[in-house]
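Counting starts at 1 for both ligands and their atoms, in listed order. No hydrogens, no waters, no symmetry mates; every other heavy atom, side chains included, goes into these values.
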Amino acid sequence: MTILVTGSAGFIGANFVLDWLAINDEPVISLDKLTYAGNLQNLASLESDERHTFVHGDIGDGDLVDRLLAEYRPRAVLNFAAESHVDRSIRGPEDFIQTNIVGTFRLLESVRAYWNSLPDADKSAFRFLHVSTDEVYGSLGSNDPAFKESNKYEPNSPYSASKAASDHLVRAYHHTYGLPVLTTNCSNNYGPYHFPEKLIPLVIHNALAGKPLPIYGDGQQIRDWLYVKDHCSAIRRVLDAGQLGETYNVGGWNEKANIDVVHTLCDILDQEKPKTDGRSYREQITFVKDRPGHDRRYAIDASRLERELGWKPAETFETGIRKTVRWYLDNQDWVANVTSGAYREWVGKQYA
Ligand code: NAD
Ligand code: DAU
């Protein structure tokens, strides 16, 4: 038994692989293109672990994926690979179309051919799990109920539109070809190995570096935060027991306004790493130009996953965010590595 995990050197993929091998011995084949967001250092602790095989490559490379499937014969493929940053999708959508739509399509084609070649028992046990986002549902008003699986898709950014397209392809491969698929739509994750272009790690990094903490617009946009390891446990649960062709919303009932998240981070840093001049990190907060088309509110109704599959998050926002700040304080070498080179160019352009 083996699983193939794509996007395994990114934030959530790496957490998933590390957790998977920490709790069971089923080998993992990792496939990652190592874009700016992919970092082999995230998987460094598995370097001499025989249960883990890393392959550098693109989900859209059909020949490579065909070879991997034929050689390792996985019982499941979990697709985390994507371009994932909304702001980058606004500045340059092309890569998002290539990986999230065309790449997912090519991966599905390879998986379909492989699945068709399997003996009956393996064929019925096989799963393709597609990791997606709550952003496909669009934006909520302040009194709207949280997103349910039955909400219609209303993506608003090139990123969310490309993820929505990939979800539709996955759905179509089940409906048309019978491919045994599962889709998860999760809210905002945070935790270890989160690339510091996203709000939480960016704020921790900038705070410690004495730089401005950029808040888009009025800072009252709401996101629903989930500790990454809870997302990973939800994916494992859906892989084990999800109903084929179905989608599952994943979230932790943790709606927070951006400004409140940043205040919380500053307050934790004030306790854990007080500034030598005795001032608060809150003084570094700076309001900047808003993100174009900025979605106002996301909220996930994860009751289906709880009711049908018995999943619940282990962390509250308060426990998870403290662990996260602690991880960044304890892993400043990791931060220093990922914030050198190309990262500086991005920050220079985005916050000019
Ligand atoms: P990430 O940007 O940190 O990592 C993405 C990984 O995919 C990187 O390692 C990158 O090198 C790899 N990759 C990119 N293009 C590839 C390609 N063509 N072939 C192979 N590998 C490729 O993203 P993340 O935050 O870990 O997100 C993982 C998945 O979860 C994405 O599909 C994303 O849409 C989804 N998601 C993310 C969040 C979140 O809050 N971060 C929430 C819900 C869903
Ligand atoms: O909802 C799930 C999604 O969450 C995932 O699908 C995406 O892959 C992931 O990147 C994340 O998207 P967001 O756009 O919500 O995350 P980000 O961390 O970029 O921004 C969170 C909020 O903070 C958002 O309202 C924009 C705001 N923000 C972000 C940055 C980077 C700021 O105010 N200032 C910033 O500098």
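Taking only nitrogen or oxygen atoms, main chain and side chain alike, Glu83 does not reach within less than 3.5 Å of ligand 1. Considering both main-chain and side-chain atoms, Asn79 never comes within under 3.5 Å of ligand 1 through any nitrogen or oxygen pair. Inclusion of Tyr351 in the set of residues having an N or O under 3.5 Å from an N or O of ligand 2 is warranted. In terms of N/O distances under 3.5 Å, ligand 2 is not approached by Tyr298. Any N or O atom pair closer than 3.5 Å counts here, and Ser187 shares no such pair with ligand 2. The N/O atoms of Leu202, backbone and side chain alike, include none that comes under 3.5 Å of an N/O atom in ligand 2. Taking distance alone, with nitrogen or oxygen atoms compared against 3.5 Å, Cys186 stays at or beyond that limit from ligand 1. Ligand 2 has an N or O atom lying under 3.5 Å from an N or O atom of Tyr216, backbone or side chain. Close N/O approach between Ser132 and ligand 1 is not found [any backbone or side-chain N/O within under 3.5 Å]. Between Ile200 and ligand 2, a contact under 3.5 Å exists for no N or O pair.
Annotation: cation-pi pair Arg88/Phe96 absent, no NZ/CZ under 6.0 Å from the ring centroid and within 45° of its normal.
Among Ile235, Asp32, Asn188, the residue whose heavy atom lies closest to atom 6 (C) of ligand 1 is Asp32. The residue among Lys163, His231, Arg223 with a heavy atom at the shortest distance from atom 32 (O) of ligand 1 is Lys163. Checking His194, Arg291, Glu197, Arg223 against atom 31 (C) of ligand 2, the nearest heavy atom belongs to Glu197. If you check each of Gln220, Arg88, Glu135 against atom 13 (P) of ligand 2, the one with the closest non-hydrogen atom is Glu135. When the heavy-atom distances from atom 24 (C) of ligand 2 to His294, Gln221, Arg297 are ranked, the shortest goes to His294.
For atom 40 (O) of ligand 1, the closest non-hydrogen atom of the protein is Asn189 N, 2.9 Å. At the shortest separation from atom 3 (O) of ligand 1 among protein heavy atoms lies Phe11 N, 3.1 Å. Remark: minimum distance from atom 16 (C) of ligand 1 to any protein heavy atom is reached at Lys33 CB, 3.7 Å. Counting protein heavy atoms only, atom 31 (C) of ligand 1 is closest to Phe80 O, 3.3 Å. Ranking the protein heavy atoms by distance from atom 5 (C) of ligand 1 puts Ala82 O, 3.4 Å first. For atom 19 (N) of ligand 1, the closest heavy atom belonging to the protein is Ile59 N, 2.9 Å. Looking only at protein heavy atoms, the nearest one to atom 34 (N) of ligand 2 is Pro214 O, 2.9 Å. What sits closest to atom 4 (O) of ligand 2 on the protein, heavy atoms only, is Asn188 ND2, 3.1 Å. Protein heavy atom nearest atom 27 (O) of ligand 1, with residue, atom name and distance: Ile12 CD1, 3.8 Å. Among protein heavy atoms, the minimum distance from atom 27 (C) of ligand 2 is reached at Asn258 ND2, 3.4 Å. Counting protein heavy atoms only, atom 1 (O) of ligand 2 is closest to Asp134 OD1, 2.5 Å. Taking atom 7 (C) of ligand 2 as the reference point, the nearest protein heavy-atom neighbour is Ser84 O, 3.4 Å. Here the heavy atom of the protein found nearest to atom 18 (O) of ligand 2 is Leu199 N, 2.8 Å. Scanning all protein heavy atoms for the shortest distance to atom 23 (O) of ligand 1 gives Ser84 OG, 3.2 Å.
Below 4.0 Å from some heavy atom of Val131 lie the following atoms of ligand 1, by number and element: 30 (O), 32 (O). The Ala81 neighbourhood of ligand 1 comprises atoms 7 (O), 20 (C), 21 (N), 22 (C), with distances under 4.0 Å to a heavy atom of that residue. Atoms of ligand 1 found under 4.0 Å from any heavy atom of Gly57, numbered from 1 in the order shown, are 19 (N), 20 (C). Of all atoms in ligand 1, listed by their number and element, those nearer than 4.0 Å to a heavy atom of Thr35 are 10 (C), 11 (O), 14 (C), 15 (N). Close approach of ligand 1 to Leu34 is summarised as follows: ligand atoms under 4.0 Å from at least one heavy atom of the residue are 11 (O). Counting atoms of ligand 1 from 1 in the listed order, those under 4.0 Å from a heavy atom of Gly38 are 8 (C), 9 (O), 11 (O). Residue-ligand proximity, His85 to ligand 2, at heavy-atom distances under 4.0 Å covers atoms 19 (O).
Separation of the Tyr153 and His168 ring centroids falls under the 6.0 Å cut-off. Taking the six-membered ring for Trp and the full ring otherwise, the centers of Phe128 and Tyr173 sit at least 6.0 Å from each other.
Remark: side-chain polar atoms of Tyr328 are paired, donor with acceptor, to backbone N or O of His194 under 3.5 angstrom. The closest donor-acceptor contact from the side chain of Ser139 to the backbone of Arg296 lies under 3.5 Å.
Residues Trp253 and Pro313 have side chains not in contact (no heavy-atom distance under 4.5 Å, counting atoms from C-beta outward). Looking at heavy atoms from C-beta onward, Gln221 lies in side-chain contact with Asp290 at the 4.5 angstrom threshold. You'll find the side chain of Tyr137 stays beyond 4.5 Å of the side chain of Tyr298, heavy atoms only. For the pair Trp327 and Thr324, the minimum side-chain heavy-atom distance is 4.5 Å or more. Between Ser30 and Val17, the closest side-chain pair of non-hydrogen atoms falls below 4.5 Å. Between Val86 and His294, the closest side-chain pair of non-hydrogen atoms is not below 4.5 Å. Side chains of Asp134 and Asn249 form no contact here, defined as non-hydrogen atoms less than 4.5 Å apart.
Under the 4.0 Å criterion applied to side-chain N and carboxylate O atoms, Arg127 and Asp240 are not assigned as salt-bridge partners. Ionic pairing of Glu272 and Lys323 is not present here: no N-O contact between side-chain nitrogen and carboxylate oxygen is shorter than 4.0 angstrom. Ion pairing of Arg223 with Asp295 is absent here, as no side-chain N (NZ or NE/NH1/NH2) approaches a carboxylate O to less than 4.0 Å. Salt bridge Arg112/Glu109: present, at least one basic N to carboxylate O contact under 4.0 Å.
With Leu31 as the partner, the side chain to side chain contact (heavy atoms under 4.5 Å, CB included) test is satisfied by one option alone out of Val65, Val77, Val5: Val65.
Residue contact check for ligand 1: Gly60 places no non-hydrogen atom closer than 4.0 Å to it. At least one heavy atom of Tyr159 sits less than 4.0 Å from an atom of ligand 1. The closest approach between a heavy atom of Ser187 and any atom of ligand 1 is below 4.0 Å.
Put simply, OG on Ser132 and CZ on Phe80 are 12.0 Å apart, with the number rounded to the nearest 0.5 Å. Here the CG-CG distance, from Asn258 to Asp218, works out to 9.0 Å after rounding to the nearest 0.5 Å.
Other residues, nucleotides and ligands contribute more than 12 heavy atoms inside 6.0 Å of the NZ atom of Lys275. Within a 6.0 Å radius of CG in Asp277, more than 12 heavy atoms belonging to other residues, nucleotides or ligands are found. Sparse packing is recorded around CZ of Arg279, with 12 or fewer heavy atoms of other residues, nucleotides or ligands lying under 6.0 Å away.
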